[in-house]
Every structure is written in C-alpha cells, then in structure tokens.
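Working notes, beginning with the structure itself.
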Amino acid sequence: MQTIINTWLNIALNDLESVILLHRNGKYRNSYFLFQQASEKANKAAALFSGDFTEKEIEETSHDQFKIPRKIMVQKEEKMKATIELLESYPMPKDLEPLSHKSFAKHHKSISAAICSIDRLKNCDLVNFTLEDLDGFLEILTGLETIEYAFPENSNSILRSQMQAMARYFGELGTKEALETKREILNMLADKKKSQMYFQNLMHHLIPIQFDSIFIDHTFYFCALLTIQHSSRTRYPKNGVNPEDIYTKELPIVQKQLDFMECLKEAILRLEKMNGNKHELQNLFSNLTIAQ
C-alpha cells in the first residue's frame with residue numbers, strides 16, 4: 001500500500017508541474033483541469049494512507065472528492081456517540097476536562113454540522129468565489145502551514161499529573177482491561193527513563209505529526225472545494241458555453257490558483273514524508289497506546 005500511495009502522490013506532483021506551466025502560458029482551462037486532477041489524486045492518496053478507504057472504495061468515489069471527508073466524518077461521528085455514552089456512565093474527573101462528556105459532545109456537534117455542510121455544498125456555486133473568500137481560505141492554510149508552538153517548562157510535570165489522573169479513572173472503572181491499563185500507566189510513570197521518553201515522544205513527535213495532519217487535511221479539503229465542480233466543466237462545452245470563456249484571468253479562482261498550488265504541493269510533500277516513515281510512525285503510535 002505504501003508504494004501505491006506514493007504513486008498517487010507522485011502523479012499529483014507531476015500534474016502540479018503542468019498546472020504551473022499551463023497557467024503561466026495563459027492556458028487557464030487546461031491548467032484548472034489538472035488542478036482538479038492533482039487535488040483528486042491527493043485526496044485519494046490521503047484516504048488510502050489513513051486506512052479509511054480501500055482501493056476499490058477509492059475507485060467508487062469517481063470524481064466526487066467530498067465522498068472521502070464525508071465518510072471519514074460519519075465514521076468519527078459514530079465512534080464519538082459511543083464515547084459520549086461511556087462518559088455519561090463514567091464521567092471524567094475535573095482535572096481531565098478536555099476528555100469530559102461535555103467536550104466530546106461539543107466535538108460531536110461540530111462533526112455533525114460539518115457533514116451537513118458537505119451535503120449542502122452540492123447545491124452551491126463553487127465556481128464564482130470572490131477574491132475575499134479565497135484570501136480567507138489562504139489565510140487559514142498559511143497559518144496552519146507555519147504554525148508555531150512552545151511547551152511550558154513544566155510540561156513533564158503537567159503530563160505526569162494528567163497520566164496519574166487517567167490511571168485513577170481507569171481504576172474506578174474496575175474492569176479487567178481498565179485495571180490492566182491502570183497498571184501499565186503506573187509502571188510507566190514509575191520508570192523515570194521510560195516516562196521521560198514517553199513524554200518526549202508525545203511532545204516532539206506525535207504533536208508535530210498532528211499539526212502536519214491538520215494542515216494536510218485542510219489543504220486537501222479546500223482544494224477539493226475549489227475543484228469538485230470542475231472535472232467536467234473544464235473539459236466540455238455545456239449549454240452552448242465554451243469552457244475556454246469561463247477560465248480566464250479575470251476569474252478569481254484562476255487569479256489565486258497558483259497560491260493554492262503552493263499549499264497543495266507542500267501538503268503532498270508532507271504526506272509523502274509521512275508515508276515514507278509509516279513504519280516508524282506505527283511504532284511510535286503503538287508505544288503511545290496507553291494514552292489512548
């Protein structure tokens with residue numbers, strides 16, 4: 001699967017090279033068609049990388065890039081419901097507020113709203129974005145691409161305190177699996193070297209990967225938003241309208257296209273790097289399973 005994902009990403013990068021050349025030479029319709037192709041391939045590669053889609057399911061999505069985030073969100077929504085039900089019966093302590101029933105319910109609501117938003121997009125005009133709309137999208141992506149963060153000096157102490165609270169929570173659940181998890185957490189915290197390595201992996205490996213994933217997801221989503229209605233529109237006349245007359249330098253999405261190309265290229269390269277390090281990432285996540 002790793003090789004297949006790389007193939008999708010490499011073809012998307014090759015498409016982007018052609019996009020830029022065509023755009024610079026005023027071949028805006030051809031350029032936008034390949035923008036759509038690159039975006040579609042990138043989204044399909046991401047779906048394969050996450051494991052949410054099989055190759056057969058990818059084929060069935062055809063050119064509808066929104067089938068990918070929609071299915072992933074529906075799956076998250078279902079899992080979230082189960083978590084909320086568990087937390088209703090076994091509430092988290094106050095020192096683990098981010099994992100509380102209230103916090104998960106809020107997140108569940110936002111996922112449901114996102115699914116509804118995707119469904120509404122089918123009836124929206126996704127061609128005539130304003131320059132203000134597009135600048136807003138780019139501002140979000142630029143912020144995510146260059147996000148900076150710093151951990152407080154007492155990070156290890158904070159994490160240790162939260163892990164201790166988590167151990168107490170599992171102890172109160174009382175099931176065999178919960179008590180085993182409590183034992184694993186306390187053993188890890190008792191081993192200074194092991195706990196230090198755990199905290200370092202969490203802060204300096206897992207969290208940066210999460211930020212990269214957020215940038216990749218948002219970039220692929222916005223590029224899907226900008227291209228989903230163009231797989232046919234860029235290729236064929238419709239209702240007597242020549243697509244060459246649609247994709248001109250006056251069209252805002254054409255004016256901002258190269259800016260989105262840069263974001264898409266960077267997101268693809270980051271996913272390519274993650275895919276190349278997939279075995280290392282799997283080992284990292286398996287070593288951090290106690291926190292889950």
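Bear in mind that the values here come from a model prediction, so they are computed numbers and not experimental data. Only heavy atoms go into these numbers, but all of them, side chains included; no hydrogens, no water, no symmetry mates. For reference, positions follow the sequence shown, starting with 1.
For the 3.5 Å distance criterion, the side chains of Thr234 and Gln36 fail to qualify, holding no donor opposite an acceptor. A donor-acceptor pair shorter than 3.5 Å can be found between the side chains of Asp133 and Thr130.
Summarising the local packing, CE of Met1 is surrounded by more than 12 heavy atoms from other residues, nucleotides or ligands at distances under 6.0 Å.
Considering only residues two or more places apart in sequence or on other chains, Lys41 meets the side chain to side chain contact (heavy atoms under 4.5 Å, CB included) condition with Trp8, Ile11, Ala12, Asp15, Gln37. Ser213 is linked by a side chain to side chain contact (heavy atoms under 4.5 Å, CB included) to Ile209, Met274, counting only residues two or more places apart in sequence or in another chain.
Classification of Lys44 and Glu40 as a salt-bridged pair holds, one side-chain N sitting under 4.0 Å from a carboxylate O. Salt bridge absent: Glu85 and Lys81 never bring a charged side-chain N and a carboxylate O closer than 4.0 Å.
For the pair Tyr169 (side chain) and Tyr90 (backbone), a donor-acceptor distance under 3.5 Å is present.
Using bins of under 30°, 30° to 60° and over 60° for the plane-to-plane angle, the ring pair Tyr28/His23 lands in the perpendicular bin. Using bins of under 30°, 30° to 60° and over 60° for the plane-to-plane angle, the ring pair Phe222/His218 lands in the tilted bin.
Side-chain contact between Tyr221 and Ile68 is absent, with no heavy atoms from C-beta onward closer than 4.5 Å.
Annotation: His230 is not in aromatic contact with Phe35 [ring centroid separation under 6.0 Å not met].
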